[in-house]
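Ligands are counted one by one from 1 in listed order, and the atoms in each one are counted from 1 as well. These numbers come from the heavy atoms of this one structure, side chains and all, not from hydrogens, waters or symmetry mates. One-based numbering along the sequence shown.
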Amino acid sequence: MTKVSLLGSTGSIGSQTLDVVRAEPERFEIVGLAAWSSVELLVEQAKEFRPDAVAIGRIDLVAELEKQVPPGTKVLAGEKAFEELSTVGDVVVNGVVGFAGLGVTLSALSAGKRLALANKESLIAAGPLVRPLRSVDGAELIPVDSEHCAIHQCLRGSSSNETYRHLAKLVLTASGGPFRGLKADELSAVTVDEALAHPTWSMGPKITVDSSTLMNKGLEVIEAHELFGVAYEDIEVVVHPESIVHSMATFTDGTTIAQLSEPDMRLPIAYALAFPERISTPFGAIDWGQTRALHFESPDRSTFRCLNLAYRAGEIGGTAPAWMNGANEAAVDFFLQGSISWSEISYSIEDALEKHDAQAADSVEAVIRADRRGRECVASYLSTRST
Ligand code: MG
């Protein structure tokens with residue numbers, strides 16, 4: 001029985017993780033559930049899965065939660081509670097959205113747990129802090145992001161030394177998002193609803209906007225660099241609108257190995273929970289009796305400018321990815337609130353990145369400061385622009 005502690009249980013990754021647990025209850029057991037503010041859904045989940053403990057991020061909601069959870073369930077509250085629940089069970093699923101997931105990543109690895117990481121931002125912003133924690137006894141980082149799960153599978157066949165000696169490049173696929181094929185002048189007036197209409201994946205609003213700008217792919221390039229230790233020049237992005245090939249590894253003899261399935265996040269979640277085993281319930285299996293065509297094309301980097309910004313931040317290293325990630329989170333929030341246009345997302349991040357003063361990302365404080373400065377730069381870009 002694998003004991004699972006699930007942080008961010010009421011979001012998109014959280015509910016799909018519970019689907020996987022539901023599919024194989026003899027294999028997985030939920031021991032902890034944590035959500036930021038959705039009390040009602042958290043209570044429902046607690047009643048179904050009967051974890052030892054539940055946590056709510058917003059302290060003002062703790063009384064409401066306590067009244068409703070099944071008797072005997074421990075109730076925790078606040079950000080520290082998330083970190084506490086990150087040290088229990090065999091596998092910790094980090095499904096927290098955005099930079100707020102950093103504490104969960106650091107706590108789970110420090111406690112020597114397997115971390116099923118859906119929160120890419122913590123790895124991107126704090127790569128230099130996460131790296132050494134991966135060698136803590138028992139600690140293991142398995143990506144839940146579909147592209148990185150694919151690469152993890154492509155590199156499985158051989159020992160890591162052998163794989164890396166013969167690896168030529170990683171190829172990350174991108175669906176291209178809802179605006180693929182459009183040019184900058186056609187994108188100046190797009191609405192929030194249009195940006196949220198992703199053609200192949202059903203995800204939360206932040207990542208869906210990131211997909212529409214290709215920032216999601218840019219963040220994933222940094223994530224791949226951190227996870228697999230591959231140089232930026234050896235990480236390629238290719239647009240593949242069908243989202244069937246989830247990513248690839250190309251070797252020095254010209255071989256490319258790819259992982260294929262229908263887009264279904266339950267597959268990478270189950271992979272991270274069960275590795276090195278595989279579960280018996282298929283999620284996203286392809287019906288090869290259906291005729292289908294797969295297309296690949298180079299990304300339009302002059303329209304989808306965020307991709308280059310992410311490569312630039314990654315190459316600078318240190319706190320630059322944290323700074324850029326903070327700027328992006330702020331810009332996406334402003335866009336979702338209707339305060340900036342879709343096109344301004346990339347310009348405000350570029351402006352923020354130009355103001356970055358390179359620092360070593362050698363402490364949580366340095367990373368938090370960079371994240372905050374990135375956000376402030378976007379806010380000040382917005383205020384100068386509107387006067
Ligand atoms: Mg992804």
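Residues passing the side-chain hydrogen bond (donor to acceptor under 3.5 Å, both in side chains) test with R305, sequence neighbours excluded: S346, E350.
Each protein N/O/S atom under 2.8 Å from the Mg ion (ligand 1) was counted, for a total of 3.
The closest side-chain heavy-atom distance from H152 to Y271 is below 4.5 Å.
Closest non-hydrogen pair, A327 versus V378, comes out as O-CG2, 3.4 Å.
Atom-to-atom distance recorded for N328:CG and I349:CD1 is 4.0 Å, nearest 0.5 angstrom.
More than 12 heavy atoms of other residues, nucleotides or ligands shown are found within 6.0 angstrom of CD on Q68. The number of heavy atoms from other shown groups lying within 6.0 Å of OH (Y347) does not exceed 12.
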